[in-house]
Every structure is written in structure tokens, then in C-alpha cells.
Enquirer: 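Before I ask anything, here is the structure I am working with.
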Amino acid sequence: MEEMVDGFNQGEGDSENRIHIMNDEGQIVSKRMVENQFTTPEPDSENGQNGINKQPEEWLPITQSRKGNSWTATFHLLCSGIGTQTLSLPLAFVYLGWFWGILCLCVAFVWQLYTIGLLVSLHESVPGTRYSRYLQLSIAAFGVKLGKVMAIFPVLYLAGGTCVMFIIAGGGTMKLFYQLICDDCSSKHPLTTTEWFLVFICLTILVSLFCPNLHSVSLVSLFGAIMAVGYCTTLWVMMVAKGKIDGAVYDPSKVVASEAGRARSTLNALAIIALAFRGHNVVLEIQGTLPSTPNRSSAKSMLKGVRASYLIIAMCFFPVAIVGYWAFGNKIPVNGGMLTAISTTLHHNASKPVLGIIYVQVVLSCVSAFQIYSMVIYDNLELAYVSRTSHECPKLVRMGIRIFFGGMTFFISVVFPFLPSLALLVGGFALHLTFGYPCLMWIVMKRQRTSIRWWFTLGLGCLGIGLSVLVIVGGVWNLVCRGLDANFFHPR
């Protein structure tokens, strides 16, 4: 029987690290316990790879179950890859116009597909070791200190910030759905926006309590993917059927008059596109749910999922962006994009059942995608508990972690309801995680300096980091220029 060690390499001084012996089909056939310290070794230590923590992988939510396959990977990638940020893509065309809008979207799509391929190949780049978290791979590539500095804040910020945006979009859409079906209701005390946020986060926490690990979210991800593809398709088909609105103009120069305003608008468009492709911070985690054997590595199943999912994502992104801009032109709402247009312009031109279906699909998609991005936070919090206690996280503590994170994101969504409007800042952090870091991690770990691909990837990585810094600076510039504009800070 061919055997493979799944997890981390065995070394001296190990205490309490579980090693799984798997057969050719990826099924665990035996276990044995080895000694392993719950400490972080120094970068030059003989134990571990570049100082990565040696933790019992099967205790943590990301890698507790490795029973996934290419189908579950497809579901996760679709659910996390399509979100309400997709509905803001037509707004990028408002700032860029037809030619540059389509060109930037195509380049971004191909670029992020390339970086996904790099991440998938790096997942098992060291024999016997699987980098099932973005942070682990960053530490392996750049060392303990630099790897943590470069990855911890962006990964957690993007995961937490995305969850907050799901609360704002999902809660706001629940309010729109209630207003749609209860237009003639006699209630004198309707729920406020904050109360709808609370309803949404309670629903997401309830779902998370039944999903102890990332693999257990597979059916939820399938349901969320169906909902996401459903509202994207329903929306652009409805816009084609209704035709473009009166007075639609397709001239970016008429959106802003000054040169400085055009520069800010261009950076804003790039941030919107980058934010739409924000799912790279969970790609390694999704691959970590797949089994791996000497005859069939997890990369093969993962690449199948990537090809299938991003073909469907392309069928959602491009029609929504192109048809949305064609239908509305420069009249697309700045705050919320097509999601706001649904509740304003389309509200009077579409039937209630169709609008109701779109609202429900948006809400359920947000609830499902929340589970994937929040799992990154749960994993880090449970890792802190395991490191201190050297024991698996009890169910009661795990429930407390989920409730704590839900309460924290709810608080942020109430205090900062304008967060979806900060596309420049959020998109800036998503940009280098998606387009920059994977390239730099690949060139550091491969060290093939004579290869043309190595130099090409280095150029892409430097360009990605440069664009990220430029977009973040543009975000700060945009905030300073817009100041305390009430429309900007209003939660739609």
C-alpha cells in the first residue's frame, strides 16, 4: 500500500501531532500520535518548514475534514467568488468606458486565474507538507516575521471586512424585500436598518453552529452558488428584456470634470474590479479540504474545480458588467451599483415576484458566502485556543467563538454602514492578495531565475503590489476629498 503523511513533517521534539496514513483513495486507514510542541520554532529550526506552527490539523475548522472533492471545491469557489460586489462592476465601466472597462475586466480575470494556479501549485510544493492557509504559505515563503507582517492583517481584514459587507448588503436587502411584500402593511413600527442587520447576523450565526468545519459547509456553498448565479442571471436577462433607460449616456468624461477627479475615478474602478476577484484569501483553505495521495495530489481535483467554477463566474461577471452599463450608462447609482438600481429604477419597471426572487437570492447568497469567509476567522481564533491549552476546542467554546465574531461584525456594520462605499480601501487590500502576493511567493519558493516564467511572474508580482499601493493611496485621497458627505456615508 502506498502511504503519504498528510499534514506536517515529523521531526525531533514533536509532541502530540497527529499523522494520517491514507490509501490511494484518500481514506484514512490508520493513525499514530507523535510528540509535538505547541510553540513556534525559530526560522532556522530543524523542526518544521521556515518556522510554521506545527498544530494538530484535524482539530481546526479549515482542515478538520479532508473528505472534499472537485465538486465541493467548485461549490466553495462559486459561492465565495460571486457576491454582491459583482453588481458594482457596471460602475467601473462608468469610470472607464466601454473599451478600457472590458479590457481591464478581461486582464483582471486572466491575471487572477494565473495567480490561482500559482497558489494551487504551491499548496503541496514541499513534499509531505500542505500549506492549507494563506498565512502558512506566506511564512514559508518570506519567513516567520515578514510572512506574518505581510499576510496576517490583509487576510483577516479582507475576511472580516467581506463578512461586514455581507451583513450590510444582506440586511439591507432583507429590508427591501419586507418593504416589497408589505407595501400596504398596517404596521406602525417597521424594523430599522440596524434591526435588519441583527436579523441577518442571527441567521448566519445559526447556520454556522451547524457547520463545525469548512467541508461541512459544502451543501450550504452549493445552495449559495445557485442563488448567486440565479440573481446575476435573472438581473441581466431582465435588463435585456426591459431595454436601456431613457437618457443613458456612455461618456466617462461627463461623470467628473477635473483631471484629479478622473484619476480618483479610475482608481475607484480598478478597486471595484479587484474587489470582485477577492476570493484568493480562501483558495488554499478550500484546497485544504481535499484529500491527497502519492498517485493523485489535491492540485488535480482543485484545478478541476477552478476551471468549472471560473467558467461559470465569467458567465456571471461579464454579462452583469456589460449589460448593466448598456442599460443604465452613467446613471448607475454610485452607492451600491446595480443592487441600488434594483430598488429604485427597476422597482417601478419590474414585477414584484421577479424583484422578490432577486432579493431572496441575494440574501441567501450572502448568508452562504459568510460561512466561508468567517471560517478563516474561526480557524485563527480556535488556533489561539489550541496553542494555549494543547487540547481540541470544545463545542461550547466553538459556539462562543462564532457568537463573538458575529457580534463583532454586527457592531462594525452598525458603526460603519458606509463600508461598501470604501471600495478603494477594501479593494486595495484585496488587490495585492489576489494579484501580487501569489506571484512573489511563487518566485521565492521556486528560485528558477533562468526561467522566462520566473521573470514574468516577478514582473506581475511587482505590478500587483504597485497597483495595490496606488489604489490604497487613492482611497485615502478619495476620503479626504469627499469628506463627511452625507450621501457617501449613508448605508444606501
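What's counted below: heavy atoms across the whole structure, side chains too, no hydrogens, waters or symmetry copies.
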Enquirer: With Val149, which residues qualify under side-chain contact (heavy atoms from CB on, under 4.5 Å), at least two apart?
Expert: none
Enquirer: For Phe109, does its backbone N or O pair with a side-chain atom of Gln112 as donor and acceptor, under 3.5 Å?
Expert: yes
Enquirer: Rounded to the nearest 0.5 Å, how far does OG of Ser125 lie from CE of Met441?
Expert: 10.0 Å
Enquirer: Would you say Phe404 has more than 12 foreign heavy atoms packed within less than 6.0 Å of its CZ?
Expert: no
Enquirer: Might you point out which heavy atoms bring Val320 and Thr86 nearest each other, and give the distance in Å?
Expert: CG1-O, 3.7 Å
Enquirer: Donor-acceptor check, side chain of His123 to backbone of Tyr131, threshold 3.5 angstrom: yes or no?
Expert: yes
Enquirer: Output all residues satisfying salt bridge (Lys or Arg N to Asp or Glu O under 4.0 Å) with Arg278, sequence neighbours left out; order by chain, then residue number.
Expert: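 Once residues adjacent in sequence are excluded, Arg278 has no partner under the salt bridge (Lys or Arg N to Asp or Glu O under 4.0 Å) criterion.
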Enquirer: So, for Thr457 and Cys439, which heavy atoms are closest and what is the spacing to 0.1 Å?
Expert: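 In this case the closest contact between Thr457 and Cys439 is O-CB, 3.4 Å.
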Enquirer: With under 30° as parallel and over 60° as perpendicular, where do the rings of Phe277 and Phe317 fit, or are they tilted in between?
Expert: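 It falls in the tilted class, 30° to 60°.
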Enquirer: Near Phe223 CZ, under 6.0 Å, is it more than 12 heavy atoms from other residues, nucleotides or ligands?
Expert: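 It does not: Phe223 CZ has 12 such atoms or fewer within range.
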Enquirer: Testing the basics here: between Trp236 and Met315, what is the closest heavy-atom pair and its distance to 0.1 Å?
Expert: NE1-O, 4.4 Å
Enquirer: State which residues pass ring pair (Phe, Tyr, Trp, His ring centres under 6.0 Å) with Trp100; sequence neighbours excluded, sorted by chain then number.
Expert: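 Ring pair (Phe, Tyr, Trp, His ring centres under 6.0 Å) list for Trp100, sorted by chain: empty.
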Enquirer: Do the non-hydrogen side-chain atoms of Phe142 and Leu440 ever get within less than 4.5 Å of each other?
Expert: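 Yes - at least one pair of side-chain heavy atoms lies under 4.5 Å apart.
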Enquirer: Pair Thr84, Val362 - check side chain to side chain contact (heavy atoms under 4.5 Å, CB included), show working.
Expert: CA-CA 7 Å; Thr84 54; Val362 170; 3.8 Å; yes
Enquirer: Which residues pass the ring pair (Phe, Tyr, Trp, His ring centres under 6.0 Å) test with Tyr250, not counting sequence neighbours?
Expert: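 Expected list: Trp98, Tyr325.
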Enquirer: Which distance, rounded to the nearest 0.5 Å, do you find between the CD1 of Ile286 and the OG of Ser221?
Expert: 7.5 Å
Enquirer: Under 4.0 Å between a Lys/Arg side-chain N and an Asp/Glu carboxylate O for Glu285 and Arg133?
Expert: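 Not counted as a salt bridge, because no side-chain N and carboxylate O are separated by less than 4.0 Å.
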Enquirer: For residues Val323 and Phe328, determine if any side-chain heavy atom of one lies less than 4.5 Å from a side-chain heavy atom of the other.
Expert: no
Enquirer: Is the cationic atom of Arg402 (NZ for Lys, CZ for Arg) positioned less than 6.0 Å from the six-membered ring centroid of Tyr378 and within 45 degrees of its normal?
Expert: yes
Enquirer: How far does CZ of Arg130 sit from OG1 of Thr63, to the nearest 0.5 angstrom?
Expert: 9.0 Å
Enquirer: Check ring pair (Phe, Tyr, Trp, His ring centres under 6.0 Å) between Phe370 and all other residues, then give those that pass, not counting sequence neighbours.
Expert: none
Enquirer: Can you list the residues that meet the side-chain contact (heavy atoms from CB on, under 4.5 Å) rule with Ser309, with sequence neighbours excluded?
Expert: Thr74, Leu77, Leu78
Enquirer: What's the shortest heavy-atom distance between Val94 and Gly329, and which atoms?
Expert: CG2-O, 3.4 Å
Enquirer: Report yes if the side chains of Leu156 and Ile377 come closer than 4.5 Å at any heavy-atom pair, otherwise no.
Expert: yes
Enquirer: Taking atom OG of Ser132 and atom CG of Leu284, what is their separation to the nearest 0.5 Å?
Expert: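 One finds 7.5 Å between OG of Ser132 and CG of Leu284.
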Enquirer: If only atom types and distance count, is the side chain of Glu124 paired as donor or acceptor with the main-chain N or O of Ser297 below 3.5 Å?
Expert: no
